[in-house]
Amino acid sequence: MSEITKSYEPGDVEKKWYASWLAAGAFAGRVDAGRDPYTIVIPPPNVTGVLTMGHVLNNTLQDVLIRRARLEGRSAMWLPGTDHAGIATQTVVERELRKQKKTRHDFGREKFLEKVWEWRHEKGGIILEQLRRLGASCDWDRTQFTMDPHYSRAVLTVFVDLFRKGHIYRGKRMVNWCPVSQTALSDEEVIMKPVSSTIYRVRYERVDAPGVFVEVKTTRPETIPGDVAIAVHPEDPRYAGWVGKKVRRPLGPVAEIPIIADAAVDREFGTGALKITPAHDKTDFEIGLRHKLPVIDVLRADGVLNELAGSDLAGMERFAGRKRAAEILKASGALLAEESHANNVGYSERADVPIEPRLTWQWWLRYPRVEEAKAAVRDGHIRFHPERWSKVYLHWLENIQDWCISRQLWWGHRIPVWYRKGLDRESLTEQDLRDPTKVHVSFEGPADPENWTQEDDVLDTWASSWLWPFATLGWPDREAQAKQGLDHFYPTTTLVTGPDIIFFWVARMIMAGLEFMRPGEPIERRIPFRHVYFTGIIRDAQGRKMSKSLGNSPDPLDLIGKYGADGLRLGIVSIAPQGQDIRFQEDRIESGKNFCNKLWNACRFRQMSGPAGDNSSVDAILSRLEPARFDADDHAILDRMLATSREVARCFAEFEFSAAAQALYGFFWNDFCDWYVEVSKAKLQDPATKGTCLAIQDLVLRQTLLQLHPFIPFITEELWAQLGYGAPGKFIEDARIEDSSQLASVAQVKGVVIDRAAVATVERLKQFVSQVRALKADHNLASRRDVTFLVTATDADWTVISANLAKLARMAGAAKVERREKVDAAPAVVTPLGTAYLDLASAVDAGAEKVRLSKELEQLAKHIAGTEARLANEAFVSKAPPAVLEGARRQLADQQAKRTELERLLKALG
RNA sequence: GGACGCUUAGCUCAGUUGGUUAGAGCACCUGCUUCACACGCAGGGGGUCCGCGGUUCGAGUCCGCGAGCGUCCA
């Protein structure tokens with residue numbers, strides 16, 4: 001055993017142990033039929049990603065779970081990987097190209113994809129490297145990427161399968177179009193934002209009645225050239241007789257458009273008349289369909305107005321076009337007013353620009369297994385933590401819409417559909433799609449590729465990540481599946497993720513699992529995971545989301561440098577209560593580091609206190625104990641240790657990680673360091689108690705290190721080795737956490753029967769010490785160690801005191817503690833073990849003493865009055881449970897006795 | 001408009017099924033380089049538990065109404 005340094009220096013320790021773990025293959029998830037599996041699949045970060053505080057929280061929790069599972073003897077496996085992140089990655093690479101004044105079109109599809117792959121090989125592993133710094137114990141040999149060949153095969157197999165089952169179709173529909181990324185987006189990728197915009201009141205003149213106008217309100221005057229009708233409610237008296245007449249479009253190419261009646265028009269809004277622009281609004285599109293109206297699309301894919309918008313606007317970007325449109329309308333007198341207006345506008349999640357409703361051909365998925373997906377959560381096969389998120393999940397499934405799974409990107413899984421050459425894709429019917437002479441759908445592609453053209457679109461990224469829990473385990477390749485242990489590790493145990501992707505990812509994974517895993521088997525075998533733990537979102541001190549653009553996110557690697565990975569981990573876990581958003585405060589991370597230092601020093605103290613005994617197992621340590629020599633403190637610390645391990649186990653069962661960390665923190669710092677270690681200093685002086693005391697320290701330290709290890713793996717591994725708790729060449733995770741009842745019964749075999757009454761005794765000793773210290777402090781003697789305390793106590797109390805005399809004197813900072821029958825006029829405190837006097841009679845300021853005692857008496861009187869009132873209440877006495885009643889009575893008796901004593905002391909002062 | 005969450009010490013937050021005098025970390029004040037740790041020890045100050053009403057012997061905790069903040073869905 002080498003000597004431990006005075007303060008904990010994490011840097012080298014972390015490097016050393018991480019390398020050892022890797023070298024030994026300690027994180028490998030091995031199939032072991034004899035042990036319960038515990039599986040976690042990482043929420044794959046984007047390959048473009050760098051570690052954020054959100055990742056730190058999320059992955060620390062996963063690591064805590066998986067390390068705890070190993071300590072519980074389960075065959076634990078944490079599978080890492082990254083997501084190709086279609087739009088995000090393509091955007092990043094395009095941005096790089098733009099620096100060279102090039103676009104992806106300058107390269108063409110294949111060359112561009114080569115560039116992206118190059119980029120991925122260069123930079124795509126950064127975030128996984130950073131996770132290693134954090135201590136993540138992933139099985140790195142299993143690292144997956146959603147564009148790996150076998151994973152791609154899973155994605156395309158699923159597409160083909162769902163197509164054949166009739167779940168996938170192609171349709172020309174209104175989609176959310178991002179003019180920057182120039183692709184369709186799913187509804188989930190659109191963020192509604194309240195914005196204050198301008199609403200324009202515009203009038204359209206009746207063709208048949210010059211000087212008569214219909215007035216509409218619009219926020220988008222630049223789309224007027226796309227107007228094909230004005231719609232009113234059929235029963236709106238204001239427009240009786242107008243339907244069928246025509247008005248002149250006030251902007252764009254000259255045109256006369258009809259006034260139509262449609263019940264979908266909201267009479268309450270504005271003038272009750274609505275301009276109908278089917279190409280640029282979803283409702284308008286539907287109205288247009290009903291009335292067989294033409295569709296005039298005035299925007300290009302990039303959001304620039306086209307020639308159909310008229311020569312005045314063509315070539316203008318949409319927002320510039322809007323201003324220009326307003327000017328033109330104003331000049332012609334068609335614009336009546338501009339009013340400010342608050343409304344919700346959909347923004348593209350990635351590019352953060354307003355999306356355009358746009359009519360395009362896309363591929364759609366009718367979700368499979370919707371009802372089963374609801375049942376899986378409703379019936380508790382999958383449990384959400386906190387439970388309330390299941391409501392959000394169910395609500396979404398109740399209102400589920402078909403999923404637009406095609407994207408007009410290059411980076412992603414290209415849709416495995418081939419069209420016969422020469423075929424007009426625009427006119428393909430649903431029936432044509434199912435005709436193998438026209439459309440080929442397969443994983444392998446057509447046998448005669450020269451006659452076919454492949455679909456240009458790729459799949460939505462989420463249409464690959466929804467397969468994550470099983471495609472990462474070899475599916476659909478049977479051989480790979482067997483090798484990677486799908487049978488053993490699926491369903492996974494716990495998913496740790498943020499509630500922001502409950503629709504994007506969680507819900508979809510559940511449906512995919514139910515559809516593709518183990519057909520025909522019971523639901524609990526097909527679900528992808530049993531528990532979903534939703535973390536909170538990390539915010540800055542002002543409560544804002546952490547984001548790159550705000551620059552308010554600290555770099556986790558800086559924090560690791562400053563506080564160590566363990567400090568960061570413990571800090572982040574301790575401020576992350578279940579499912580609540582988190583305000584990040586760096587001082588909590590500092591607390592994490594301080595705790596590590598405390599742990600370090602407590603072990604250092606143990607090491608300096610005496611030679612190491614046989615620490616190789618719980619059994620060995622227990623054998624070193626002499627139960628007959630136990631004092632109250634020995635009993636109490638063991639009792640607290642068992643209570644803490646029960647509490648920690650409960651916390652894990654309930655997914656209350658911060659509570660688990662806090663329980664260990666409190667036990668170790670307060671119960672062990674502040675009390676037991678301090679009283680040990682007296683016990684270690686006595687050869688009769690030394691051996692047992694050291695063995696108890698070893699036992700407590702051992703169990704504490706074990707339970708802390710999932711939270712702070714590096715330092716605990718180091719100390720475990722330093723103190724000789726593990727066999728040579730073994731890691732802490734080769735040991736097993738005994739649950740509290742196992743531990744208690746093992747101890748019992750060794751003759752250790754914990755006296756639970758000792759806890760109460762120690763509480764009284766603590767009270768005594770703390771009151772006596774306060775008494776010294778009140779008299780400015782806190783640093784004096786030569787004082788004597790005189791105690792008047794009952795025989796029973798004095799028995800307790802005298803049994804602990806050496807410890808009490810040391811803890812109280814006193815030279816002597818002596819019993820007296822009677823003490824006059826000295827500063828005193830009334831403790832649960834009698835009245836303690838400060839033996840400094842000459843220095844007493846009787847006046848000040850009286851003030852102090854009177855104050856205390858006053859406080860006490862209040863409490864007594866409260867307790868008396870309760871006990872005087874007939875209803876309380878007759879209805880409260882006996883234990884509560886008894887407690888109140890005992891409390892009153894104690895309070896009264898204390899009052900009598902205080903009054904006596906006051907009187908003695910004259 | 002609907003759903004959910006939050007409101008407790010100066011700050012950030014715990015508080016499990018209702019039950020002694022409501023806790024922690026940080027911050028603050030006082031003292032201490034005491035033979036593990038100043039990344040520490042000891043002592044201390046600080047709270048009408050958002051408001052109103054109800055249930056109950058008893059409410060921070062349960063119910064209702066309201067206010068403020070936040071998130072998601074429309």
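By convention in this document, chain letters (A, B, ...) are assigned in the order of the sequence lines, proteins followed by strands, and residues within each chain are numbered from 1.
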Base, sugar-phosphate, or nothing for [X], non-hydrogen atoms under 4.0 angstrom?
{"X": "A/Ala888", "answer": "nothing"}
{"X": "A/Val877", "answer": "nothing"}
{"X": "A/Ser878", "answer": "nothing"}
{"X": "A/Ser7", "answer": "base"}
{"X": "A/Pro881", "answer": "base"}
{"X": "A/His395", "answer": "sugar-phosphate"}
{"X": "A/Cys596", "answer": "nothing"}
{"X": "A/Lys598", "answer": "base"}
{"X": "A/Arg588", "answer": "base"}
{"X": "A/Asn399", "answer": "nothing"}

- Side chain of A/Glu678, base of B/rA36: donor and acceptor closer than 3.5 Å? yes
Would you say the base of B/rA36 and the side-chain of A/Lys681 have a donor-acceptor pair closer than 3.5 Å? yes
Identify which nucleotide among [options] has an atom closest to any side-chain atom of [X], counting heavy atoms from C-beta outward.
{"X": "A/Asp674", "options": "B/rA3, B/rA36, B/rC41", "result": "B/rC41"}
{"X": "A/Arg604", "options": "B/rC13, B/rU21, B/rC37", "result": "B/rC37"}
{"X": "A/Phe503", "options": "B/rC57, B/rC72, B/rU16", "result": "B/rC72"}
{"X": "A/Gln585", "options": "B/rA14, B/rA42, B/rU12", "result": "B/rU12"}
{"X": "A/Gln662", "options": "B/rC37, B/rA14, B/rC39", "result": "B/rA14"}

Where does the angle between the aromatic ring planes of A/Phe657 and A/Phe655 fall among parallel (under 30°), tilted (30 to 60°) and perpendicular (over 60°)?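 Answer is perpendicular, since the angle exceeds 60°.
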Give the ring-plane orientation class for A/Phe503 versus A/Trp396, where under 30° counts as parallel, over 60° as perpendicular and anything between as tilted. parallel
**Position toward the 5' end of RNA chain B (nearest nucleotide), A/Arg890 or A/Val392** =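 Counting from the 5' end, the first nearest nucleotide belongs to A/Arg890.
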Between A/Ala602 and A/Val884, which is nearer to the 5' end of RNA chain B once each is assigned its nearest nucleotide?
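Taking each residue's closest nucleotide, the earlier one in sequence belongs to A/Val884.
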